[in-house]
Every structure is written in C-alpha cells, then in structure tokens.
Amino acid sequence: MTPKSASMLERFTVMLPAILWLIWMAVFVWLLDGGRYRAFLQPKFWPLPVVGLAVVTLFLIAFRLRPPSQDLRWRRWVAISLLIVPAIYVYTTYGQSLGANALAGRSTGSADIFSLEELRKEGSAPAYDPDRPVLLSTLAMNPEVFVGKTITVKGGVYRDQNVPASYFLMFRFYIFCCAADAIPVWIVVESPESSRLETETWVEVTGRFSLEMINNNKVPLLVADALEEIEPPPPELRYLYF
Amino acid sequence: LIGCFIFQPLSYFRDPNIMPESPSGSLHRPALPPGSRHMRPPAGNRHADLGILAQAVFVGVLLVLLVFCRRTPSFQTLSITFVSIVLEAFPFILIGTLLGGVIEVFVPRERIAAVLPAGKRRSIFLAAALGLIFPVCECAIVPVVRRLLQKGLPLGAAIAFLLGGPIVNPLVALSTVVAYNFDWTVMLERLFLGYLVAVCVGVIFERWFGKDNSLLVGINRSDDQGQSDGNSAETAATPLWIRIRLAVIHAADDFIDIGRFLVIGAFIAALLQTVVPRHVFAALADTPNLSILAMMGMAVTLNLCSEADAFVAAAFRVLLPASAQMAFMVLGPMLDIKLVAMTLGVFRKRAVAVLAGLTFITVFAAIILKGLLIR
C-alpha cells in the first residue's frame, strides 16, 4: 500500500462512525417518509423511528474525529460494517411482506384465529354492514356477529396439497408490535375457482360465513358467491394491527 | 452548530488534547474525564481477535445471503423478521446508550453509593424492582447496566436490575393486562415471578462471581489505576455543553460496541423463527412440564419485545396450560438470543453462560413451584 492510499484509508476509517450515523439518519427518514415503517412496525410505534432519527442526529452532531490506533482500525471496520448491514436489509426488504412461508411456520392451527377473540373489548362488537368489507381481524375477534351473514373479505391465498381442490386459506398477519411477533389470521374459503388461484395472490371474496367443525376443530368457513383477484396492497397496508 | 461539529477540518487530528485511541481503547485526553474510555478487549487478545474475525465472517455471510437468496420465500420471512427486530430494538438501545452516557458523565460514584442500601443483598432487592420507577425494556437495559457497573453498582444488584427491569415495570404490566383481557391476576403473577427470579439469580450470581471474573476487561473500573470516574474537580470544572457532548460521545461509542451484538442476535433469532415452526412447540402441549420447557425454548428463540410478548403468549391460551404461558412471559424479557449476544459486550463468556443457565433453571423452578403451591 502506498503512503498516499494508506493515508486515505486512515482518513476514511476515522470518518466511519459519521458515515454510520448518516446512513441510519437516511434510513429513519426514508422509513418515516410515507409511513414505510409500517411495513415492519405497528403504526402506533411511529415514535420509534423518530426517536432513532433524533438520537443518531445527536450522535452525528457530537461526532469528533478520533484516529483509531493501528490495532483498533480493523475492529472499527468490522463493528461498523455489522451496524450498516441492517440498513441494507431495510432497503432491500421493503416491498416484501410475510406470506405463505411465514403462515406455514407461524400457524398453530385453528387456535390462531380464535385466540384473537380474547382481545375483544366488552361492548364493542362491530355492526354488520353488508356493503363494507370485513377485516379478517374483526372477523377473528367477533366471529359470532357474522355467522350466517354474507360478508366481503380481502386477503392473501394459501394453497397446498393438504387443502382439497375446492378450498383455500385466505390469510393476513396481525401485528402487535412488529412483524417478528405477527400471528397469522385466516379463514377457509370454499370456491370452485380455488384450483386456479396461486398461493400469495390477493383476492376479495364475498360469501356466506359460518363456523364448521372439521376434524374436531372449529373452523371459520366462507362459502364464496363471488371471487375476484386483486392487486396486493402496498407493503405498509398489508398487515392488520392491534 | 452541525457544521461546527461535523465539518471541523481535520484540526481535531492536530488537537494535542485528542490523541489516537490506545490499543486498549483508552483515549488519552487530559481535558476530558478519564472515564471516557472505549470498552474494547485489549489488542493482542487472541480470543478477541477470533471474535472480531467471526463477526467479519458474519457480515460476509449476511451480504452473500442477501445477494443469492433474496428472492426465496423463507429468506424473505427471515429478512422481514430480522429487520423488524432491529428496527424495534435500535431506538431503545439508542435511548439506553444515551442514558448510559448521561450516567457516565453526570452521575458520580458517590451518588450511586448513597442511593443504594448499605448491604449488597438489600441492594439486590431494591434493584430488581427499579423498573417500576425506571422502566427500561430489555434492549435498552444492557447499556444502562454496563454504565452502572462501571459506576460501582454491585454485581448482584446489576444482575437483578438486568433481569427484573424489563418485567417489573408499568409498561409490561399494562400490556399483560390488555393481552389477558384485564385479568389482573396474570399481570400480578408475572411481575411477582419476574421479581422473584431476578432477586434469586442476583443473589446466587453475586455468590458465584465477582466483578473481576465476570466483567470484560475495561468494564470493571476497579482495575482503573489512577483513573477517576467523572466526578473529579477537573471534570466538575468542565463546561456543561462539553459534558453534554461527552455524554453523547460515550453513548455513540457504547452503541457501536453493543449494537453490533444486537444485530448478530437479531439475525440468529430471525433464522430460528423461520426454520423452527411454532406448531413444534404447540405439539408438546399435552405434557404440562414439557409444554413449560417448550414455551421457554420459544421465548429464547422468538426474541420478542417485553411489551409484545404477552400478546403472543395469549395466542397460546387455547393450546397450552397457563403455567407454560407464564413461563414464556417471565423468561422472554430475561433471556433471549439477542440479549445473550448483547451481554457479551459486558460480561465474560463464562459468566454469560452461567447467567443464561441460571436464569433458565430459576424460571423453570419458579413456575413449577408456583404450580405446586397453587395446587
């Protein structure tokens, strides 16, 4: 290495923390712009990226050039690279959402959907309105309100060899704090069009809702009268939130 | 102001008061409180070098995975989970490091000694409940505990605060009450068991370890020959704005030191969340003790925020006994992969292993004991 390039490397190493703070400032601003953070976090948690932005800005303001000793130089490179990697992941992951793979991994059976009944607030049962789509989370919390009624629901499609050809699972993820704690909420849809649907496509289904006993499990079932494939919502609107 | 701090020419380089970091990480700055040392392992330490090498390899693996596996469904699940954990935890760690920086610069040892009860045991009992007035989640607590240890907080009390703080606090109480449909007994049970475990582990850890054999080199201030801790007359004479800036600089250094462990822990947690299906844990529901162990295993692998885990535990109400749900809620904020990774920035590996094992066993014992007593 020539003395000139060594000096450049030295100066760059000294600047590394400032580069880290700048990158994370950019990430937090980008996440806050248009509510992108909702693709990962609960909307009520908007203060988190704001706080993150404020603190890293403070770090940048207080930043002072300090040349690391020869021994510490590569340690600093590794430490800061480790902290930059998640920023790259944030940018490349945005646009994706939890899908069929996560459904298969996180589902615990029909308990998924009925566990949300416990979160129902006393005296806050939703009114049935045939003209308004029902959120899967509302359905999960208040299934008895909609039993025997015709409703419209939107969600992603999940099909595999265990599901008979005329059925599919319609699912979304319900987030408490962040996508890491998301639990799947799903219903079974019966439709002659099921076999042509591919997993992960989004559909809007109108049909009659009921609770059926299948293999000794209570299962929410929607018998479709109409089914339409729709464009998936933008990533920040795909989840349901607590 | 920003320009003044950021765009100062490389004059800082030439400032005779600011010398390069020494191999041990210390900054020799006569004008600044000597406590402002970087807490890195000493250079030449072969294990530390191997650790750094492993971290470098880890960075490479993460980037290679991103390039070659980006489009696979399981990697998408993994990366969403990883990013979510990091985005949720980073702000809390940033706040924690900031609090740590403030403690470092503005709170003298004497003040901490004056606040704590005389006996070490009594300080453990107090520290386990500190979260009630100083609510800190499990991500923010590590940098705070690190600074408190440097300020002379007894080891047992630090452990009790580290374990109890993220459970015995009003935010966790509130989220538990909401998740369990305003069943106050669940919340009270959770807080009480959290306190009990924190105290027990704090007392036992204090008996087994001292600061000398449990803390990383540089964290234990008792080996600071000739160093004061930020309360010297020299420091007191430092202008307030310089001290504020110093606190922020300490915080930034701490974040770089501890944040990287969070990244490693979050990735491993996301990986486990992706490859281990949850129904594996649910399958153990029929055997009560096994279901407790299974939920404890899940708490360690899921790495959920202590404010969110009650909702996930509640989702298992239909499947699992209450004791298993409680085990999940008590252990989760005390022991998970990202926490273990972060504590490696404070404690020696052996101490971290003992702390993790001890916490796991104590939680299991507490849950079993509670079951026997209630029966």
Side-chain angles (χ1 to χ4, degrees), chain A residues 17-18 20 31 37 40-41 45 48-49 51-52 55-56 58-69 71-72 74-75 78-83 85-86 88-90 92-93 96-102 104-109 111-112 114-115 118-119 176-181 183 242, chain B residues 1-2 5-6 10 12-13 18 20-23 25 27 40 43 52 55-56 59 62-63 66 70 73-74 76-77 79-88 90-91 94-95 98 181 245 248-249 251-252 256 259-260 263 273-274 277-279 282 304-305 307-308 311-312 314-315 317-319:
Chain A
L20 174 69
L31 285 169
Y37 68 92
F40 305 103
L41 298 173
F45 282 14
L48 290 186
V51 166
V55 179
V56 290
L58 212 55
F59 285 177
L60 186 63
I61 291 171
F63 172 68
R64 175 180 34 211
L65 293 171
R66 279 184 321 216
S69 76
D71 303 344
L72 289 176
W74 72 290
R75 290 171 195 273
V78 171
I80 290 186
S81 308
L82 257 172
L83 289 164
V85 166
I88 302 171
Y89 267 70
V90 170
T92 52
T93 304
Q96 303 165 1
S97 60
L98 294 174
N101 178 271
R106 297 190 184 188
S107 176
T108 50
D112 293 338
F114 296 111
S115 63
E118 303 285 341
L119 298 178
F176 295 101
C177 288
C178 71
D181 66 42
I183 58 169
F242 176 67
Chain B
L1 187 68
I2 293 174
F5 280 124
I6 304 168
L10 295 178
Y12 263 127
F13 258 127
I18 300 169
E21 291 169 74
S22 76
L27 293 170
R40 297 191 179 90
I52 296 289
Q55 289 170 29
V59 171
L62 258 59
L63 294 176
L66 191 61
R70 198 178 149 202
S74 49
Q76 287 180 3
T77 305
S79 53
I80 291 169
T81 310
F82 169 56
V83 168
S84 303
I85 295 174
V86 168
L87 286 182
E88 194 185 17
F90 258 23
L94 287 165
I95 293 170
L98 216 48
N181 220 352
R245 186 171 171 217
V248 177
I249 290 172
I256 291 174
R260 62 193 158 129
V263 174
Q273 270 221 39
T274 308
R278 286 189 193 172
H279 62 75
L304 301 179
C305 172
E307 275 94 52
F311 295 100
V312 176
R317 259 173 302 198
V318 186
L319 282 172

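Treat the numbers as computed from the prediction; the structure is a model and nothing was measured. Proteins come first, then strands; the chains are lettered A, B, ... in the order of their sequence lines, and each starts at number 1.
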Q: Specify which of A:Val51, A:Leu98, A:Leu31 makes the most heavy-atom pairs with chain B at under 4.5 Å.
A: A:Leu98

Q) Got a sec, which residues hit ring pair (Phe, Tyr, Trp, His ring centres under 6.0 Å) with A:Phe40, two or more places apart in sequence or on another chain? A) none

(Q) Quick check on A:Val85 against chain B: is it the side chain, the backbone, both or neither that has a heavy atom closer than 4.5 Å? (A) side chain

**Q.** Closest heavy-atom pair and its distance - B:Arg260, A:Leu82
**A.** CB-CD1, 3.7 Å

Q) Between OG1 of A:Thr93 and CD of B:Gln76, what distance do you get to the nearest 0.5 Å? A) 8.5 Å

Q: Could you tell me which non-hydrogen atom of A:Arg75 sits nearest to which non-hydrogen atom of B:Ile52, and how far apart they are?
A: NH1-CG1, 3.7 Å

Q. Where is the tightest heavy-atom contact between B:Val263 and A:Pro86, given as atom of each residue plus distance?
A. CG2-CG, 3.7 Å

**Q.** Interatomic spacing from CG in B:Leu63 to OG in A:Ser81 - rounded to 0.5 Å
**A.** 8.5 Å

Q. What closest approach, in Å, do A:Ala180 and B:Ser84 show between heavy atoms, and which atom pair accounts for it?
A. N-CB, 3.8 Å

Q) Does a side chain donor of either B:Thr77 or A:Asn101 reach within less than 3.5 Å of an acceptor in the other side chain? A) yes

Q.
So which atom in A:Phe63 and which in B:Arg245 form the shortest heavy-atom distance, rounded to 0.1 Å?
A. O-NH2, 3.6 Å

Q: Can you tell which part of A:Leu58 gets under 4.5 Å to a heavy atom of chain B, answering side chain, backbone, both or neither?
A: both

Q) In terms of heavy-atom proximity below 4.5 Å to chain A, should B:Gln273 be classed as side chain, backbone, both, or neither? A) side chain

Q | Interface moiety of B:Leu94 toward chain A, non-hydrogen atoms closer than 4.5 Å | A | both

Q) Is the shortest heavy-atom distance from the side chain of A:Pro17 to the side chain of B:Ile256 under 4.5 Å? A) yes

Q. Roughly how far, to the nearest 0.5 Å, is the CG atom of B:Leu87 from the CG atom of A:Leu48?
A. 9.0 Å

Q.
Within the 4.5 Å heavy-atom criterion, are A:Arg106 and B:Thr274 side-chain neighbours or not?
A. no

Q) Does A:Tyr89 reach the main-chain N or O of B:Leu62 with its side chain, forming a donor-acceptor pair under 3.5 Å? A) yes

**Q.** Among the listed options B:Val86, B:Val83, B:Thr81, B:Ile95, the residue most often paired with chain A at heavy-atom distances under 4.5 Å
**A.** B:Val83

Q | Heavy-atom side-chain contact between B:Val248 and A:Phe59 under 4.5 Å | A | yes

Q | Proximity breakdown for A:Ala104 and chain B, heavy-atom pairs closer than 4.5 Å | A | backbone

